There are 2 protein chains.
Amino acid sequence: MTIFSMLYLPELREMLAESDSEGLREFCTALHPARTAEFMEGLTAAEAWQVLQHADPETREEIFSYFDPDKQLEILETQDRTQMAELVAELASDDRVDLLHEADDGLVAELLPLLPAEDRRDILRLKSYPEGVAGAVMTSDIAKLDENLPVREALNELTRQAEELETIYYLYVVDETDHLRGVVSTRQLLSAISKPETRLRDLMETDMAVVNVMDDQEEVARKVAKFDLLAIPVVDDEFRLLGIITHDDVIDVMREEATEDAHLSAGVQPLDESYLKTPLITLSRKRGMWLTILFVTALFTAFALQHYEQDTKKYAWLVMFIPLVISAGGNSGTQSATLVITALARGDVKLTDWVRVIRREWVMGLLLGGFLALIGFTAAMVLNRNWLSATVVATTLVLVVLAGTLVGSILPLIFRRLGWDPALMSNPFVTGIIDIMGIVIYMNVAIALILLIGDTPPVDVPPAP
Amino acid sequence: MTIFSMLYLPELREMLAESDSEGLREFCTALHPARTAEFMEGLTAAEAWQVLQHADPETREEIFSYFDPDKQLEILETQDRTQMAELVAELASDDRVDLLHEADDGLVAELLPLLPAEDRRDILRLKSYPEGVAGAVMTSDIAKLDENLPVREALNELTRQAEELETIYYLYVVDETDHLRGVVSTRQLLSAISKPETRLRDLMETDMAVVNVMDDQEEVARKVAKFDLLAIPVVDDEFRLLGIITHDDVIDVMREEATEDAHLSAGVQPLDESYLKTPLITLSRKRGMWLTILFVTALFTAFALQHYEQDTKKYAWLVMFIPLVISAGGNSGTQSATLVITALARGDVKLTDWVRVIRREWVMGLLLGGFLALIGFTAAMVLNRNWLSATVVATTLVLVVLAGTLVGSILPLIFRRLGWDPALMSNPFVTGIIDIMGIVIYMNVAIALILLIGDTPPVDVPPAP
């Protein structure tokens, strides 16, 4: 695809140079708008806008909406204001709000007065919702119909609106003051075509999924997924219909949330732009903040080791296994935390399941810890040829892995109980806590076993030369 | 919602005991099937099936399809075979294949002969696709229409099929041997209602997104998201139309993939069932495998430290900061790896961007490492009151954090270049590699600086008593 688009670029530029209207018009309409936009990737903003001049307004708006946000913004900033106002008026109501959010306030102030009053009001209203709530994702282009309309007229109305609306697959039925009363799918309407006098009131579903305009976008995605919807209506506190959120926006929300969760779990404050476009100074702030918190937590490992300095001096072999035991604990803790976090997010585990979760992780910790202890015991015998160190390492591994699975599973449950997002930093936090616990457990096991069985010399090792 | 469903349960049981047909029929149809299914959560499989007897076959199938997979399977296994065959025949073609995948082979062998020949063939064909490819997710219930059909007849056909098909929002246009020729949306059909003699051939889009039946389900999700589709057609190598994948299945695929990626990045082999339902023995295998690999990698830290045993014996303060410096490297490495992995998955970063990525991470490493070095220097002065140790810790932190950002960003790029999934284990691997590099860097910096400036005594510390 990329190669094709590069080959096509010179031809496109030639058509532009020759002002080949017919060729350019055909180019704009021959392909799916998403693909046309892809072919135009290599053009400058000015060239791209020049090409779009040859498309009808509707196609122009469609292709434009598939450009990447940076090119959209550049066109908006550099091209003729009046034309831009016309374009903005054509764009889907949610897309244009996203675009104007990116533009600087001066430009927005210049464009708004050029728009029809209705569009202007719509933009100002949608812009007022905070990011991440239903209101900021919804579109206000909806088919609202009166509950007393008969099927025949509803079909006519649908046909009339088919070209303008973002989705025509649900018709929302409202009373005279815009309160949502029910929903009729195009499918139901088509099935009722033989009874054209039926009123929407008698056809509509009244038990429908809705979201409040201030609901979190994650909640929106969860409901749409649960009820297999194409679109979900957005209402205010009085159940007045304000807009809808369509399946494609839900998919975008899900992609965004998945990325955010991944970043948070690695200790990166979610980025507003893509990785390559985020300025280095922003990136260093978003990473540095958590890195510092984690570093300060990790400082306690140094305090802990200082506390045991006499022991590590006396038994030098103790040092060798410090990173090994704490990494084993950290890894098992991360596993447990991730399993519990994803299960909570999917609704597979509820807070009331906490006893079951802890019981499972208890068994898991003993099993996994026991297995690693076997390997650790063997490794310590090979490295150190010393029963004492091998016993210390093996015992510590069981306890540290167990601590990992328990802390890793309990921490997200506590976070959720406190109303925090369990994804928030659980993984690095778990590792930080386990690092410190690992050192304390290791040292205490060592001291206890040395007291119990005494410091034994290495097994059949020849004296140093 | 949960409280409501518990309150409702006794009433439902009472209606069952009294065989209150009318009440039960109303219960089945009053709500959205997803919600009805939710109300029935507390019922046993036998009770649930008894309730569904009072719904018409279509509603019965719809409510059943919203039960959780375990209850579906239990009903299938325990209830009357003939009734189960009827139910299976009614289910959407992709849902029933999922269900039969879970059932044991004996039961499937009993049910298949009771099904109409066409359904049987369809099930056997869909069951043959490996998990995770388009063929395994698609449904074969599609509206296929002839390219010569006029709009009027297409609308009649659509109305006729509206009740049976999973989605009626796209009509697929095929030739006489089922090769996909184009697609017409219901919206286009409705817009053309004024010209009822137009043939589909002249209305259809021929440039459309399709997927091959063996394409990975992640590719399917990417295409549907990119082109904002409600459904995507699935074709074989000869472009014959085999089925479609609808938006709700794409949302399910995305949820599944997000969970899988999260698990992989924490070193857990993805689970086939939910966390609480996975047997402990399976869970310990899926976790133990990676935990062992990581443990064996971590063993090298013990080898490395053994190598430096004389140094840690001589300069005991070195031990104190070992976990601190390796955790700083691990955390910065995990940040970089996660940023690059998510950017690769979203298409924000391509392999050809590797120079830019490394340049950014190079600057990032110096900035973040420098900042942590400042804190580390102060902490070492407080803890150890020794210029040498503070200088060693600070220098090491810069280098280790830099190593973290570089390894963390390069490893996923290499994985992608080799055709592996970058999510696969990058995070724990990065931490493992950085643990070892961290120790080697720390020890060498210490040795070099001790040689250079000599082992200095603690700053103004009274002699030990």
Side-chain angles (χ1 to χ4, degrees), chain A residues 31-32 34 159 162-163 168-169 187 190-191 193 207 225 227-228 247-248 251 254 258-259 262 266-268 274-275 280 284 287-288 291 294-295 298-299 301-302 305-306 309 312-313 316 319-324 327-328 331 334-335 338-339 342-343 348-349 363 367-368 371-372 379 383 435, chain B residues 31-32 34 159 162-163 168-169 187 190-191 193 207 225 227-228 247-248 251 254 258-259 262 266-268 274-275 280 284 287-288 291 294-295 298-299 301-302 305-306 312-313 316 319-324 326-328 331 334-335 338-339 342-343 348-349 363 367-368 371-372 379 383 435:
Chain A
L31 302 171
H32 187 287
T159 314
E163 294 203 10
I168 56 152
Y169 304 116
R187 176 198 295 242
L190 288 172
S191 305
I193 217 164
D207 179 64
F227 292 99
D228 292 346
H247 65 104
D248 49 325
I251 287 180
M254 291 180 64
T259 309
V268 179
S274 74
Y275 168 73
L280 283 174
S284 65
R287 294 174 64 162
L291 220 48
L294 293 171
F295 187 75
L299 272 177
T301 60
L305 281 172
Q306 194 186 36
E309 196 169 354
T312 51
K313 257 187 190 154
V319 175
M320 205 188 303
F321 301 104
I322 292 174
L324 185 69
S327 89
N331 287 333
T334 306
Q335 287 186 334
T338 304
L339 283 168
T342 50
D348 294 341
V349 164
V363 178
L367 273 175
L368 295 172
F371 186 65
L372 293 192
L383 269 166
D435 280 357
Chain B
L31 302 171
H32 187 289
T159 313
E163 295 204 8
I168 55 152
Y169 305 115
R187 175 199 295 244
L190 289 172
S191 305
I193 217 164
D207 178 65
F227 292 100
D228 293 345
H247 65 103
D248 49 325
I251 287 181
M254 290 181 65
T259 308
V268 179
S274 73
Y275 168 73
L280 283 174
S284 66
R287 296 174 62 162
L291 220 47
L294 293 172
F295 187 76
L299 273 177
T301 60
L305 282 172
Q306 193 185 37
T312 51
K313 256 187 190 157
V319 175
M320 206 187 301
F321 302 103
I322 292 175
L324 185 69
I326 64 183
S327 89
N331 287 334
T334 306
Q335 286 187 334
T338 304
L339 284 168
T342 49
D348 294 341
V349 163
V363 178
L367 273 177
L368 295 172
F371 186 65
L372 293 192
L383 268 167
D435 280 357

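Scope of the values below: all heavy atoms of this structure, side chains included, with no hydrogens, waters or symmetry mates. Keep in mind that what you see is a predicted model, and the values were worked out from it rather than measured. Labels below follow one simple rule: chain letters A, B, ... track the order of the sequence lines, proteins then strands, and each chain is numbered from 1.
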Exercise. Measuring heavy-atom distances to chain B, does A:Phe371 have an atom under 4.5 Å in its side chain, in its backbone, in both, or in neither?
Worked result: side chain

For this session: Select, from A:Thr259, A:Val349, A:Ile322, A:Thr312, the one with the greatest count of heavy-atom pairs under 4.5 Å involving chain B.
Result: A:Thr259

For this session: Measure from the side-chain N and O atoms of A:Gln335 to the backbone N and O of B:Gly267, and report whether any donor-acceptor pair falls under 3.5 Å.
Result: yes

For this session: Could you tell me whether the side chain of B:Asn331 and the main chain of A:Leu291 form a donor-acceptor pair under 3.5 Å?
Result: no

Problem set entry | Proximal component of A:Ser284, with respect to chain B [non-hydrogen, under 4.5 Å] | both

Problem set entry | Contact class of A:Val319 relative to chain B, heavy atoms under 4.5 angstrom | both

For this session: Between chain B and each of A:Leu383, A:Leu305, A:Asp207, A:Thr342, count heavy-atom pairs under 4.5 Å; write down the option with the most.
Result: A:Asp207

Seminar exercise, completed: When the 4.5 angstrom heavy-atom criterion is applied to A:Glu309 and chain B, the contacting part is side chain

For this session: Identify which part of B:Leu372 has an atom lying under 4.5 Å from any heavy atom of chain A, answering side chain, backbone, both or neither.
Result: both

Exercise. What part of A:Leu367 lies closer than 4.5 angstrom to a heavy atom of chain B: side chain, backbone, both or neither?
Worked result: side chain

Exercise. Counting heavy-atom pairs under 4.5 Å to chain B, which of A:Ser327, A:Ala258, A:Ala298 comes out on top?
Worked result: A:Ala298

Seminar exercise, completed: Answer key: most heavy-atom pairs under 4.5 Å with chain B among A:Ala302, A:Ala328, A:Ala343 is A:Ala302

For this session: Output the option from B:Leu324, B:Val363, B:Thr301, B:Thr338 having the highest count of non-hydrogen pairs under 4.5 Å with chain A.
Result: B:Leu324

Problem set entry | Side chain / backbone / both / neither for A:Ala225 at chain B, heavy atoms under 4.5 Å | both

For this session: Counting only heavy atoms closer than 4.5 Å, note whether A:Asp435 contacts chain B via side chain, backbone, both or neither.
Result: side chain

Exercise. Is it the backbone or the side chain of A:Leu368 that comes under 4.5 Å from a heavy atom of chain B, or both, or neither?
Worked result: side chain

Exercise. Say you draw a straight line from CG of B:Asp348 to OH of A:Tyr275; how long is it, rounded to the nearest 0.5 Å?
Worked result: 11.5 Å

